[in-house]
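Have a look at the structure below, then the notes.
As the structure lists them, so they are numbered: ligands from 1, and atoms in each ligand from 1. All figures in this text were calculated on a predicted structure; none of them were measured in a lab.
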Amino acid sequence: MKVAVGSRSDVGRVRDGNQDSYFAERPLFVVADGMGGHLGGDVASATAIETISSGLSDSGGHPDPDVLAELVKSANKRIWDRSQGDPSLRGMGTTCTLMFLEEDEGLVVHVGDSRLYLFREGGLNQLSEDHTLVGQMVREGRLSEEEARHHPQRSIITRALGVDADVRVDVFQIELRNDDALLICSDGLTSMVDDEDIKKVLEEGTDAQTAADRLVELANHAGGEDNITVVVLDTRAEAVAAADTAPPPPDSTGAPVRDKDTGELGEPAEVEDEGRRSAGAQDEEDESGYEPGRSSWIRRLVWALALLIVVAAGAYFGLRYWLNNSYYVAATGSGVVGVYQGVDGRFAGFDLSHVEVSTALKVSDLPQNLRDNVNNGLGADSLGDAKSKVSSLQDAATRYQQQLKKQRQSRHKKRSGSGGGT
Ligand code: MN
């Protein structure tokens, strides 16, 4: 069966790095969405891809479902071991949704909240189950799909590779037909773009790479709040014909390039070594005429790279500084007013903030308008500013409670007064 393949991974518009990894070379298609710290997520997702792709070539390339599941479990074990051995990687993990395609039979192994969709006969169906808290609630009928997409706890996943020594994986098979399209994607797509819009893109069916690019574009257009990775497979004649004639897509991905055979991380394109070049072109004296221009070009490239590194480092430390110096006042999980350090938001399942100071002031003791303010979060310029906001909240709560008490007493007095007056 002929299959056109398109793929793309993009950092999105909010995150400062891309922790998604993917592999899209027949017969293996994988999307892994890493999480945990600024290093861990990338290490976890890359380790998953690497372990699976190299394990596949060792197994002779014809895995049965059990072998494939074992491979994913060995990736789990490897990520877990690495996280236990290195404090900076502790807590890292990754989703993993993979399909091994032999002829028209797809073997699927799935853990986490990346998704596998099948587009067939005009309908789009999610074949994988989301291993998330909200996914579970949807399956139990306690939440609608739409509510789940906006739920504050939507990024909490219940299963992932690398967070425990053992993991339960979903394994199933699908029969691919002519005129099908398949999509494997990270939640950076599905949290931004709803199924109806994904379907519209797949419906076009002209070219798998165009579809992949378009999906990433839609997610970014909707805010791009997470890393976005998509792998599109298409068996429709038009897509296959387009793939046969199209030049290989340029690598415009945000994810590291992976070697097709080994799954090893690729090096960025190397500038040709000067020595090797002149040794190989001894009789091409006139070539040397290009050398000055060439070396100034290299110098410019080196300067550009250095500048890029400085800018990236600036952005990184700027972000760290910003997180460490941002405070806000909001309700804590136990219903009291607290001072948070960081910014209100989540990154790959982790909070960007933590409670710095917890107070004894109950949110429910505040007057309604201040209760709303606290529930929405009150920004502060510094820790001192946050603390003074807390103390004025405290004063307001005291006044409000006294006022309530007075109202209760006067009501009581009125009642007993009118009773005694007549
Ligand atoms: Mn994600």
Would you mind writing out the side-chain donor-acceptor pairs for residues 118-127 within the sub-3.5 Å range, not counting sequence neighbours?
from: Arg120; atom 1: NE; to: Asp180; atom 2: OD1; distance (Å): 2.9
from: Arg120; atom 1: NE; to: Asp180; atom 2: OD2; distance (Å): 3.2
from: Arg120; atom 1: NH2; to: Glu175; atom 2: O; distance (Å): 2.8
from: Arg120; atom 1: NH2; to: Asp180; atom 2: OD2; distance (Å): 2.6
from: Gln126; atom 1: NE2; to: Ser128; atom 2: O; distance (Å): 2.9
from: Gln126; atom 1: NE2; to: Asp130; atom 2: OD1; distance (Å): 2.8

Heavy-atom donor-acceptor pair, Asn227 side chain to Val11 backbone, under 3.5 Å =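 Looks like yes, one N/O pair under 3.5 Å.
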
Please name the atom of [X], limited to N, O or S, that comes nearest to the Mn ion (ligand 1).
X: Asp33; answer: OD2
X: Asp226; answer: OD2
X: Asp187; answer: OD1

- Query: Just wondering, is there an N, O or S atom on Asp20 that's nearer than 2.8 Å to the Mn ion (ligand 1)?
  - Reply: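 No, Asp20 does not qualify, because none of its backbone or side-chain N, O or S atoms lies under 2.8 Å.
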
May I ask you to check whether Asp113 brings an N, O or S atom to under 2.8 Å from the Mn ion (ligand 1)?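 For Asp113, the answer is no, given that no N, O or S atom comes within less than 2.8 Å of the Mn ion (ligand 1).
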
Practice item. Using a strict cut-off of less than 4.0 Å between a Lys/Arg side-chain nitrogen and an Asp/Glu carboxylate oxygen, indicate whether Glu140 and Arg142 qualify as a salt bridge. Key: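 Salt bridge flag = yes for Arg142 with Glu140.
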
**Asked** Of all heavy-atom pairs between Gln136 and Thr158, which one has the smallest distance, and what is that distance?
**Response**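 So the minimum-distance heavy-atom pair works out to OE1-CG2, 4.1 Å.
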
Give every donor-acceptor pair under 3.5 Å between a side-chain atom in residues 66-73 and any protein atom, sequence neighbours left out.
none

